[in-house]
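Hydrogens, waters and symmetry mates play no part in the numbers below; they use all other heavy atoms, side chains included. Since the model is a prediction, treat every value here as computed from it, not as a measurement. Throughout, a chain's letter reflects where its sequence line sits, starting with A, and its residues are numbered from 1.
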Protein chains: 2
Amino acid sequence: MSNRINAEKILKNRGYKLTKQRKVIIEALSNRGGPYTANEVFSLVSNKYSGINFSTIYRNLELLVKLGIVEKLNINDECCHFKLAGKNHHHHIICNKCGEIKEIDICPFKEIVNINKFKELDFQPIEHRFEIFGICSKCRSKE
Amino acid sequence: MSNRINAEKILKNRGYKLTKQRKVIIEALSNRGGPYTANEVFSLVSNKYSGINFSTIYRNLELLVKLGIVEKLNINDECCHFKLAGKNHHHHIICNKCGEIKEIDICPFKEIVNINKFKELDFQPIEHRFEIFGICSKCRSKE
DNA sequence: ATGGTATTGCAAATGATTTGCAAAGACATT
DNA sequence: AATGTCTTTGCAAATCATTTGCAATACCAT
Ligand SMILES: [Mn+2]
Ligand SMILES: [Mn+2]
Ligand SMILES: [Zn+2]
Ligand SMILES: [Zn+2]
């Protein structure tokens with residue numbers, strides 16, 4: 001089942017209406033890699049549905065996050081990024097030159113939890129984030 | 001040498017003036033754990049120097065970050081947190097209940113870099129972030 | 001096709017952070 | 001200690017991302 005169909009099914013199952021706006025937002029995110037800022041989502045979506053409003057974009061991105069369809073990233077202190085939620089747990093590498101944000105399926109978490117130093121904290125972990133900033137291979141080869 | 005004295009020395013060495021405002025900001029951050037939002041820094045500082053302006057707080061926090069004296073954290077999408085820069089590399093655990101942000105000196109980075117899967121990315125790392133969200137021991141014992 | 005409810009568009013509010021500018025302050029020099 | 005220069009501050013307004021109230025509209029079950 002495609003990401004798009006799956007997302008639409010979740011909306012319906014949970015009693016949300018399948019509006020044209022929601023469809024184009026989901027379509028935009030499904031077709032492309034992302035992540036995108038709300039601004040970028042607005043631009044992408046405006047191609048298919050000119051006249052859509054920014055608050056609709058925001059309201060629906062947050063809804064999709066709540067439903068687990070979309071992932072919200074805090075990469076920097078400017079604004080959030082949104083992308084279709086990956087099926088599997090992952091982290092990100094972010095290029096300081098071109099800004100590209102890419103998934104990596106390497107996760108250090110399991111090992112950390114088993115370290116005694118961590119156990120001593122008596123901290124009950126719920127989520128974690130791990131991001132690496134640097135220069136991507138494309139940008140390196142340009143230099 | 002105390003954190004405060006050290007920070008003041010760096011300012012002077014780099015040709016920045018040691019204003020009363022800078023002194024109280026540095027003092028506020030040096031005496032307490034942090035991290036603090038700009039708002040919180042403003043409150044702390046206002047005790048010692050009522051009449052200080054928000055833009056002064058922001059301008060100086062950014063200056064101190066630039067000089068490496070202060071560390072700026074992007075914990076959530078609301079606002080940034082600032083704290084005196086630790087001498088050693090570290091990461092954070094953040095309590096979802098009480099909001100406390102605590103340093104941990106556990107870092108998974110060295111191991112990650114040596115994994116073949118990472119090497120294949122051909123990505124040149126510069127910085128990284130690792131944060132664990134959950135429930136701290138204090139909050140757990142309250143339940 | 002109709003009606004009830006969720007959703008949208010719009011415009012205004014919010015909250016964090018930034019900026020231009022004139023006045024005040026720091027500090028090297030006399 | 002007084003002077004002059006260059007920084008820095010306070011203030012008020014701007015900016016930018018995001019949120020919100022409300023009346024008009026669009027879904028979709030019936
Ligand atoms: Mn790149
Ligand atoms: Mn806690
Ligand atoms: Zn992980
Ligand atoms: Zn590390």
Side-chain angles (χ1 to χ4, degrees), chain A residues 7-28 35-46 48-67 69-83 99, chain B residues 7-28 35-46 48-67 69-83 99:
Chain A
E8 295 186 354
K9 204 173 67 175
I10 294 174
L11 278 173
K12 299 234 83 168
N13 286 347
R14 300 281 225 102
Y16 293 98
K17 294 183 175 170
L18 202 51
T19 63
K20 174 156 189 197
Q21 291 87 333
R22 282 177 182 157
K23 281 187 203 164
V24 284
I25 292 172
I26 290 167
E27 195 190 352
Y36 297 110
T37 65
N39 242 302
E40 290 165 339
V41 174
F42 177 80
S43 300
L44 290 173
V45 162
S46 291
K48 290 277 172 182
Y49 185 114
S50 66
I52 196 170
N53 193 271
F54 249 108
S55 32
T56 304
I57 300 283
Y58 275 110
R59 280 192 276 235
N60 282 316
L61 285 174
E62 289 299 344
L63 173 66
L64 295 171
V65 168
K66 192 176 79 180
L67 298 179
I69 297 167
V70 164
E71 187 183 349
K72 184 180 186 179
L73 308 179
N74 270 258
I75 298 300
N76 58 43
D77 46 358
E78 279 134 42
C79 63
C80 292
H81 287 75
F82 300 87
K83 61 173 296 196
Chain B
E8 295 186 354
K9 204 172 69 177
I10 295 173
L11 278 172
K12 300 234 84 169
N13 286 347
R14 300 278 227 102
Y16 293 98
K17 293 185 174 167
L18 202 52
T19 62
K20 174 156 190 200
Q21 292 86 332
R22 283 177 181 156
K23 280 188 203 164
V24 284
I25 291 172
I26 291 168
E27 194 189 353
Y36 297 110
T37 65
N39 242 301
E40 290 165 340
V41 174
F42 177 81
S43 299
L44 289 173
V45 162
S46 290
K48 289 277 173 183
Y49 185 113
S50 65
I52 196 170
N53 193 270
F54 249 109
S55 34
T56 304
I57 300 284
Y58 276 110
R59 281 192 275 235
N60 282 317
L61 286 174
E62 288 300 344
L63 172 65
L64 295 172
V65 169
K66 192 176 79 182
L67 298 180
I69 297 167
V70 164
E71 187 184 347
K72 184 180 187 179
L73 308 179
N74 270 255
I75 299 299
N76 58 43
D77 46 358
E78 278 134 42
C79 65
C80 292
H81 286 76
F82 300 87
K83 60 174 296 195

**OP:** Name all residues meeting the side-chain hydrogen bond (donor to acceptor under 3.5 Å, both in side chains) criterion together with A:Glu27; count only those two or more places apart in sequence or in a different chain, and write none if there are none.
**Re:** none
**OP:** Can you sort out the partners of A:Asp77 under side-chain hydrogen bond (donor to acceptor under 3.5 Å, both in side chains), two or more places apart, ordered by chain and number?
**Re:** B:Lys72
**OP:** Would you jot down, in residue-number order, the residues of residues 50-58 of chain A having a non-hydrogen atom under 4.0 Å from DNA chain C?
**Re:** A:Gly51, A:Ile52, A:Asn53, A:Ser55, A:Thr56
**OP:** May I ask you to verify if any side-chain N or O of A:Tyr49 is less than 4.0 angstrom from the OP1 or OP2 atom of C:dT8?
**Re:** no
Subject >> Contact list for DNA chain D against residues 12-19 of chain A - heavy-atom distance below 4.0 Å >> reply: A:Lys12, A:Lys17, A:Leu18
Subject >> Strand DNA chain C as a dot-bracket string - pairs counted if Watson-Crick or G-U with both distances under 3.5 Å, | where the partner lies in another strand >> reply: ||||||||||||||||||||||||||||||
Subject >> Nearest non-hydrogen partners of A:Thr37 and A:Glu40, listed with the distance >> reply: N-OE1, 2.8 Å
Subject >> Listed once per pair and sorted, the salt bridge (Lys or Arg N to Asp or Glu O under 4.0 Å) pairs that draw on residues 49-60 of chain A, sequence neighbours left out >> reply: none
Subject >> Whole angstrom value for the distance that separates C1' of C:dT17 from CZ of B:Phe42 >> reply: 14 Å
**OP:** Could you walk me through whether A:Asn60 and A:Val70 pass the side chain to side chain contact (heavy atoms under 4.5 Å, CB included) test, one step at a time?
**Re:** CA-CA 10 Å; A:Asn60 282 316; A:Val70 164; over 6 Å; no
Original post:
So, for B:Ala7 and B:Ile26, which heavy atoms are closest and what is the spacing to 0.1 Å?
Top reply: CB-CG2, 3.8 Å
Original post:
Which nucleotide of DNA chain D is the first, and which the last, in the 5' to 3' direction, to come under 4.0 Å of a heavy atom belonging to chain A?
Top reply: D:dA17 to D:dC28
**OP:** Please identify each residue that fulfils side-chain hydrogen bond (donor to acceptor under 3.5 Å, both in side chains) with B:Lys83, with sequence neighbours left out.
**Re:** B:Glu103
Subject >> Any residue meeting side-chain hydrogen bond (donor to acceptor under 3.5 Å, both in side chains) with A:Ser46, in chain and number order, not counting sequence neighbours >> reply: none
Original post:
Taking DNA chain C as the partner, which of residues 20-28 of chain B come within under 4.0 angstrom of it by heavy atom?
Top reply: none
Original post:
For B:Arg59 and C:dG25, what is the distance between atoms CZ and C1' respectively, to the nearest whole Å?
Top reply: 14 Å
**OP:** Please work out which residues in residues 70-78 of chain A have a non-hydrogen atom less than 4.0 Å from an atom of DNA chain C and list them by number.
**Re:** none
Original post:
Can you list every side chain to side chain donor-acceptor pair (under 3.5 Å) pair that touches residues 10-19 of chain B, not counting sequence neighbours?
Top reply: B:Tyr16-B:Lys66
Subject >> Donor-acceptor pair between A:Ser55 and A:Asn53 side chains, under 3.5 angstrom >> reply: yes
